[in-house]
Protein chains: 2
Amino acid sequence: MATVSRVVNNNPNVKPQTRKKVYEAIERLGYRPNAVARGLASKKTTTVGVVIPDISNSIFAEVARGIEDIANMYHYNIILCNADKKKEKEIRVINTLLEKQVDGLVFMGGVVTEDHIQAFRTASVPIVLCATTDENGSIPSVDIDHEGAAFDAVNTLIRHGHRDIAMISGTLQDPANGFARFQGYKKALEGAGIEYKEDLVRIGNYRYESGVEAMKYFLGLKKRPTAIFAATDEMAIGAIHCIQDAGLKVPDDFSVISVDNIRMASMVRPQLTTVAQPMYDIGAVAMRLLTKLMKKENVENSQVVLPHETILRLSVSQVNE
Amino acid sequence: MATVSRVVNNNPNVKPQTRKKVYEAIERLGYRPNAVARGLASKKTTTVGVVIPDISNSIFAEVARGIEDIANMYHYNIILCNADKKKEKEIRVINTLLEKQVDGLVFMGGVVTEDHIQAFRTASVPIVLCATTDENGSIPSVDIDHEGAAFDAVNTLIRHGHRDIAMISGTLQDPANGFARFQGYKKALEGAGIEYKEDLVRIGNYRYESGVEAMKYFLGLKKRPTAIFAATDEMAIGAIHCIQDAGLKVPDDFSVISVDNIRMASMVRPQLTTVAQPMYDIGAVAMRLLTKLMKKENVENSQVVLPHETILRLSVSQVNE
DNA sequence: CTGTTAGCGCCTTCAT
DNA sequence: ATGAAGGCGCTAACAG
C-alpha cells in the first residue's frame with residue numbers, strides 16, 4: 001500500500017525491481033489513482049482554478065492559452081470556469097473553486113468589486129488577477145496599461161492629422177477596458193489641445209453590434225468626425241462595416257483605430273490598425289506569478305504591467321482636408 | 001458534526017431552529033465545506049469534465065456554453081480542459097478528469113480514435129461525445145449530419161446554376177468535419193451529374209489562412225471555378241478576402257458557401273451564406289443526455305443528430321454566363 | 001430530530 | 001527498502 005503510493009508519487013525510496021512489479025500490477029488491474037482521496041490526504045490538489053468571464057470572447061480564450069501552457073509546464077492541472085460576465089456568477093465560481101481546494105486561483109478579466117475582494121480574502125490560497133486589476137492594487141495582478149494604450153491609439157490618429165475624433169467607449173463603470181481607455185482618449189485630446197465634445201462619445205458594450213450602432217449615430221451628426229477610436233477591436237469592426245454599408249470608405253472617409261489586436265483584426269478589409277495587448281503573455285505571466293506564490297517564493301513585483309504596441313495596418317490614413 | 005452535514009446538504013431532518021444555529025456558526029467561523037473530503041466520502045463530485053479541443057475556436061466555445069447552461073441547471077459544476085487539438089493531450093486530460101472522479105464526461109470535437117475508445121472503456125462513469133461521433137457509433141453522441149449539411153450547401157450552389165464548384169476541404173482523416181463534408185460535396189455533384197475533378201479540391205486546416213491559400217490556388221487555375229464550397233466558415237472567409245484582394249468580387253465573380261455559421265459569418269462583407277449547425281444546442285443536448293446517463297435513466301436514442309439549416313446571405317448569386 | 005461510528009482511498013510518519 | 005497505523009474532512013448508516 002505505502003509502497004504503491006511511493007511508486008505512484010515517484011518517491012526514490014523504492015527498489016527498482018519492486019517498482020517494476022508495482023507498475024505491472026497497476027497495468028494488470030487497471031488501477032487509476034483517485035485524485036480526490038489523494039487531495040484529501042496530501043492537502044494539495046495540484047490544480048489551479050481559472051475563472052474566465054466569457055468563454056466566447058477570443059481575448060480571454062487567448063489569455064487562457066497562456067495560462068494553460070505555463071500551468072502544464074509546472075505540472076498543474078487547470079480547471080476553467082466560465083462566469084458569463086455576471087458578477088454574481090463570478091463570486092459563485094470563485095467559491096466553488098475554493099471548495100474544491102484548488103492550490104491557487106487566477107481571476108481573469110471582469111471588474112473587481114468589494115464583494116470579489118471579500119471572497120478572495122477568505123481564501124487560504126494565492127490569487128492573481130489577470131487582464132484586470134483591483135483599484136487599490138492590493139492583489140497581485142498582470143495587465144496592460146489601458147489608459148496608455150488608448151492614449152497611444154488616439155495619438156496616432158492625431159499624428160495623422162485628425163482633430164475630430166470620436167470614441168466608441170465601453171461602460172465607464174469598468175475601470176480597465178472602460179474607464180481607463182476613455183481617460184486615455186481624453187488625455188490624448190487634451191495633450192493636443194483638442195476640445196473634448198461629449199457628443200463625440202458613445203458607450204457600447206464591447207461587441208460588434210454596439211460598434212455598428214455607435215457609428216450609425218456618428219454618421220447622423222451634422223458635423224461628422226473624421227476618425228473613430230473604439231475601445232475594442234470588435235466595436236471597431238462593427239464601425240467599419242457600418243461605414244461601408246453606408247457606401248463610404250475606410251480609411252478614405254473615416255479612419256478607425258482601436259485596442260486589442262484580436263485575430264479578426266487582420267481578417268477584415270481594410271485590415272484594422274490597433275494597439276495590441278499581449279494576450280497570451282498576460283496569461284502566461286499571471287500563471288508564472290501564481291506558481292511562485294503557491295511555492296511561497298517571494299516575488300519582487302506583484303503588480304505587473306505588460307507593454308502594448310501599436311500595429312499599423314490599413315484602417316488609418318492621413319486626414320484629407 | 002452529522003447535523004452540520006445535514007444542513008449543508010439540505011437534508012430535511014433538521015429542526016429549523018437548529019438549522020439556523022448551524023448557519024450562524026458557519027457564518028461566524030467562515031466555514032467552507034471541503035468538496036474534496038465530501039467527494040471522497042460520498043463518491044460523487046457533482047462535477048462533469050468537458051474536454052474542449054481548442055478553446056480559441058469559437059464553435060467549441062459556443063458548444064461549451066450550451067453544455068454549461070444545462071450543467072448549471074442540473075447543479076453540476078463543469079471543469080473544462082483544453083486539449084489543444086493534440087490527440088495525446090486529449091487522452092491525458094481524459095485520464096486526469098477520470099482520476100479527479102468526475103461524475104461524467106463530455107468529449108467535444110476531435111477525432112475519436114481507438115485509443116480514445118480505450119480510455120473511455122476504462123471509465124466507470126458515462127461519457128458522451130459532442131460535436132463528433134465515433135465510427136461505429138458505440139458511444140452516446142450528439143452531432144449534426146455533416147455529410148447532409150455539405151450536400152445541402154453544394155446543392156444550393158447548384159440550384160444557383162453553378163457547375164464548376166471547387167471545395168476547400170478539411171483533412172480527410174477527420175471523419176466528421178473532414179471526410180463527411182467532402183463526401184457530401186461529392187454526392188451533390190454526382191446527384192447533379194457533374195463530374196468530380198480532383199484539382200478543384202484543396203485540403204486546408206479549417207483556419208482562415210488555409211482558406212486564403214486554397215483560393216490562391218484556384219485563382220491560378222486556367223479554368224477557374226465559379227463557386228467555392230468551404231468546409232468551414234473560417235476558410236470561406238479566407239477565400240472571400242483572397243478573392244477581394246485580387247480585385248475580384250463576391251458573389252459577382254465567385255459565389256462562396258460553407259458550413260458552420262459562426263458569429264463572424266455575418267460580420268464580413270458580403271455576409272456569408274452558410275449551413276448553420278446549432279452549436280449551442282449541440283452542447284445543451286449533449287449535457288442533457290449526460291445527466292440522464294448519470295442518473296441511470298434509460299434513454300431511447302443515444303445517437304442524436306440535430307438538424308442543420310441553410311442561411312441565405314449575400315455571398316452566393318446566380319451564375320453569370 | 002440528533003449524536004455516534006465507520007469508513008471513503010490515499011499519504012505520511014514511524015518502525016522494522 | 002518496506003509495512004503498519006493514523007488521519008485528512010466529510011457522509012452514511014445506525015442508534016437513541
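Quick note on labels: first sequence line is chain A, next is B, and so on, each numbered from 1.
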Within residues 1-8 of chain A, find the residues that approach DNA chain C with a heavy atom at under 4.0 Å, and present them sorted by residue number.
-> A:Ala2, A:Ser5, A:Arg6

Flag the pair B:Arg181 and B:Asp260 as a salt bridge only when some basic side-chain nitrogen lies within less than 4.0 angstrom of an acidic carboxylate oxygen.
-> yes

According to the side-chain hydrogen bond (donor to acceptor under 3.5 Å, both in side chains) rule, which pairs have a member within residues 296-305 of chain B, sequence neighbours left out?
-> B:Ser141-B:Gln303

Outermost nucleotides of DNA chain C that come under 4.0 Å of a non-hydrogen atom of chain B | C:dC1 to C:dG9

Please identify each residue that fulfils side chain to side chain donor-acceptor pair (under 3.5 Å) with A:Glu147, with sequence neighbours left out.
-> A:Lys187

Quick one: which residue pairs count as a side-chain hydrogen bond (donor to acceptor under 3.5 Å, both in side chains) with a foot in residues 56-74 of chain B, not counting sequence neighbours?
-> A:Asn82-B:Glu68, A:Lys89-B:Glu68, A:Lys89-B:Asn72, B:Asp54-B:Ser56, B:Glu62-B:Arg65, B:Asp69-B:Tyr280, B:Tyr74-B:Arg288

Quick one, which residues of residues 20-34 of chain A touch DNA chain C with a heavy atom under 4.0 Å?
-> A:Tyr31, A:Pro33, A:Asn34

In short, the helix from C:dC1-D:dG16 to C:dT16-D:dA1 is bent end to end, axes from five pairs each side, to 10°, by 30°

Excluding sequence neighbours, so at least two apart, what forms salt bridge (Lys or Arg N to Asp or Glu O under 4.0 Å) with A:Glu24?
-> A:Lys20

In whole angstroms, how far is the C1' atom of D:dC10 from the CD atom of A:Gln101?
-> 11 Å

Report yes if the side chains of A:Thr3 and A:Arg6 come closer than 4.5 Å at any heavy-atom pair, otherwise no.
-> yes

Sequence neighbours excluded, the answer for side chain to side chain contact (heavy atoms under 4.5 Å, CB included) partners of A:Val285 is A:Val142, A:Val304, A:Leu306

Return the residues of residues 38-48 of chain B meeting this criterion: a heavy atom under 4.0 Å from some atom of DNA chain C. Order them by number, or give none.
-> B:Leu40, B:Ala41, B:Lys43

For residues 105-120 of chain A, which residue pairs qualify under side-chain hydrogen bond (donor to acceptor under 3.5 Å, both in side chains), counting only residues two or more places apart or in two chains?
-> A:Lys87-A:Asp115, A:Glu90-A:His116, A:Thr113-A:His116

Contacts satisfying side-chain hydrogen bond (donor to acceptor under 3.5 Å, both in side chains) that involve residues 31-44 of chain A (not counting sequence neighbours) are A:Arg32-B:Asn95, A:Arg32-B:Thr122

